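Scroll down for the structure; my scribbles are underneath it.
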Amino acid sequence: MANQNYSLDEPKGFYKLSWLQRIGFGSGDLAQNLIFQTVACFLMLYLTTVLKISPAFVSGLILAVRLLDCFWSPVVGKYIDNHNPKLGKYRTYLLFGGIPLTIAACLLMLPAAATWSMPMKIVYATVSYTVLSMIYSVVNIPYGSIMASMTRDNDEVLILTSTRMVCANIGQIVVQAGFPIGLAIIVGTAVDWNQALFMAIGTIPAFIILPSLPILKKWFGKKGLYYLLLSIGFIGFAILFAVGKFFDVQKCNTLVQAAKVLTGVGLLVGSLMWALVPEVITEAEYRTGNRPAATVNALAGVAFKAGFSIAGWITPLVMGFIGFNLASEQSALPTDPKAWFTVTCLFAIVGFVLLTLCFLGSKENITTTPEKPVSFREMWLEFKANKCLQLVLGIFVVVFLASFISAPVNAYYTKLNDYNPTVQNAILWFTTIIPALLLVIVGYLIYKYPLTDEKLVEYSKAIEAKAAKE
C-alpha cells in the first residue's frame with residue numbers, strides 16, 4: 001500500500017494522494033461496472049430475447065427490484081455508518097461483499113434456464129436479479145464512501161473522481177463493446193463491428209475529458225464545464241435523430257459514430273456528479289458535526305438506481321405499446337444461452353480481482369462513527385434539511401435516466417433500416433429524443449446547485465478547526 005504524500009504543514013484532512021492510491025481506488029469502479037453495465041445494457045435483452053419473457057413482465061420486474069432497493073440501500077448505509085470493522089470502515093465490504101457478488105453475477109444467466117417452463121423462468125429471473133441487486137448495494141455504497149474518507153482537498157477529490165470515472169468508463173467500454181463481440185466469437189458468427197463500435201464509442205470522450213478535469217474546471221468553472229458538456233451532448237442527439245429520420249444509417253456510418261461521440265460528452269456529466277457527493281457530505285458535517293458518508297452515498301445510490309430503474313421500466317413497456325416487442329422482433333444480438341453465460345462469468349471474475357486491488361490500494365484517512373446509531377428518522381431529517389443533497393439526488397435521477405434509457409436499444413440503432421417505420425420511430429425516441437430532453441432538465445438542476453468551491457474550503461477549514469479544539 002502506498003504511503004501518504006503530503007507535507008507536514010498541510011492542514012489535517014487535506015491529504016495529497018499517490019497515483020497508486022488513486023488508481024487502486026478507481027479499480028473498484030472498473031470492477032463494479034463490469035457487472036453493472038452487463039445488467040444495465042444486456043439483462044433486459046437477455047430476459048426478452050433469450051428467455052423470451054414478456055417485455056411487460058421484465059419492465060415490472062426491473063421497477064419492483066429498484067423500488068425494493070430504495071428501502072434496502074438506506075438500510076445498508078445506516079449499518080455501515082454505525083459500524084467500524086477492523087479491516088476498514090468501508091474497505092471491508094469490498095472483500096466480504098465481493099465474493100457473493102461475483103457468485104450472484106455468474107448465476108444471473110444460467111444456460112439451463114432457457115429450457116425451463118415460463119413460470120420457472122419468471123421465478124428464476126426474479127430471484128437472481130433481486131439477489132444480485134441487493135448484494136451490489138453492499139459493495140457499491142461503502143465503495144462510494146471511501147472517496148470521502150481519503151481526503152477533504154477539493155482538488156484531490158476532483159483528481160480522484162476523474163481517475164475513478166476513467167476506470168468506470170474503461171469498464172463501460174469493455175462491456176458495451178466486448179459483450180456483443182464476445183457473443184459473436186463464442187457462437188461463431190461474424191462480428192458486427194459497426195454495432196459494437198456504436199454501443200461503446202460514446203465512452204471515448206471520458207478518456208480525454210476526465211484526465212483534463214482540473215484544467216477544464218479552471219477554464220470554464222464548475223458549472224460552465226457542465227453546461228458545455230451538456231450542450232455538446234444535445235447536438236450529438238440531434239444529429240443522430242436527423243440521420244435516423246431522413247437518411248440511411250448504414251450509409252452515414254462515419255457521421256453516426258461521430259455523433260455518438262458527442263452524445264457521450266453530454267452523458268459524461270453523469271460521471272462528474274459523483275464529485276458532488278463528497279461536497280454534500282462536507283456540507284452536512286459542517287451543519288451537524290457528523291460525517292454521514294455511507295448514508296449520503298446510500299441515498300445517492302438510490303437516486304442513481306432510480307434513474308436506471310425508470311429507464312428499465314419505461315423502455316420495454318413503452319416500446320411494446322408503440323409496436324416493438326423485443327421478445328418477438330428479430331434480435332440484434334445472438335441468442336445462444338451458453339454464450340451469454342460465458343461472457344457474464346468472465347466479467348464477474350475479473351471484477352472480483354479488481355475489487356481486491358481496490359481493497360489493497362485505498363486508504364481511509366477520514367472516518368467517523370456516530371456516538372449514537374444513526375436512525376432512519378435522522379436520515380429522513382437530513383434529507384429534508386439538506387437542499388444540496390436534494391438537488392444532487394435529482395440530478396442523479398435525471399442524468400442516469402438519460403444514460404440508461406437508450407442503453408439496451410443502442411444495439412438496434414445501427415440496424416434501423418431493417419425494421420418497419422413504427423419500430424424505427426420507437427428506436428429513435430429512446431436513442432435520441434428522450435435523452436436530449438433529459439439533458440436540458442439536468443442543465444436546469446445544475447443551475448440551481450449552490451455549493452461553490454470557496455464555500456467548501458470555508459466549511460472544511462471550520463470543521464478541522466473545531467476538531468483541533470476538541
Side-chain angles (χ1 to χ4, degrees), residues 4-17 22 144-165 209-231 268-293 295-297 299-300 365-368 382-396 399 442-470:
Q4 296 177 91
N5 179 26
Y6 59 93
S7 61
L8 295 176
D9 60 346
E10 195 170 44
K12 182 182 178 183
F14 290 76
Y15 299 111
K16 300 297 182 183
L17 307 173
R22 295 166 183 161
S145 304
I146 292 174
M147 185 164 69
S149 75
M150 293 178 75
T151 183
R152 298 185 189 278
D153 189 299
N154 287 332
D155 292 333
E156 278 295 328
V157 168
L158 188 62
I159 296 172
L160 200 58
T161 300
S162 64
T163 305
R164 169 189 180 180
M165 290 306 156
I209 295 174
L210 289 176
S212 306
L213 275 182
I215 189 169
L216 290 174
K217 184 181 175 183
K218 289 180 180 179
W219 287 352
F220 300 103
K222 182 163 60 179
K223 289 189 177 182
L225 177 59
Y226 290 152
Y227 297 149
L228 176 63
L229 298 180
L230 291 170
S231 299
L268 191 59
V269 170
S271 297
L272 303 188
M273 287 302 101
W274 292 105
L276 301 185
V277 173
E279 296 183 3
V280 172
I281 293 169
T282 295
E283 193 274 342
E285 185 178 14
Y286 175 76
R287 283 186 297 101
T288 67
N290 289 325
R291 189 169 179 83
T295 297
V296 171
N297 273 279
L299 294 173
N365 297 312
I366 310 164
T367 60
T368 60
E382 174 60 27
F383 172 76
K384 287 179 62 178
N386 196 331
K387 301 299 181 184
C388 299
L389 176 60
Q390 294 171 20
L391 273 172
V392 168
L393 296 185
I395 296 170
F396 266 107
V399 74
V442 172
Y444 173 75
L445 293 174
I446 289 174
Y447 169 75
K448 302 290 289 184
Y449 182 71
L451 288 181
T452 64
D453 289 343
E454 291 75 18
K455 279 187 179 181
L456 289 165
V457 171
E458 176 187 339
Y459 291 164
S460 296
K461 289 183 176 179
I463 292 167
E464 293 294 346
K466 181 179 178 181
K469 293 178 182 178
E470 295 176 351

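Numbers here are sequence positions counted from 1. Computed from a prediction, not measured in an experiment: that's the story for all the values here.
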Which pair of heavy atoms, one from Leu225 and one from Lys217, lies closest together, and at what distance? CD2-N, 4.4 Å
Rounded distance (nearest 0.5 Å) linking atom CE of Met165 with atom CG of Leu160: 10.0 Å
May I ask you to test the Leu276-Cys388 pair for a side-chain heavy-atom distance under 4.5 Å? no
How would you list, by chain and number, every residue that makes a side chain to side chain contact (heavy atoms under 4.5 Å, CB included) with Tyr459, sequence neighbours excluded? Thr282, Glu283, Tyr286, Leu451, Lys455
Could you list all the salt bridge (Lys or Arg N to Asp or Glu O under 4.0 Å) pairs where at least one residue sits in residues 219-230, not counting sequence neighbours? Lys222-Glu279, Lys222-Asp453
Output the distance between atom CD (Gln390) and atom CG (Leu445), rounded to the nearest 0.5 Å. 12.0 Å
Identify which one of Ile395, Ile446, Val399 satisfies the side-chain contact (heavy atoms from CB on, under 4.5 Å) criterion when paired with Tyr226. Ile446
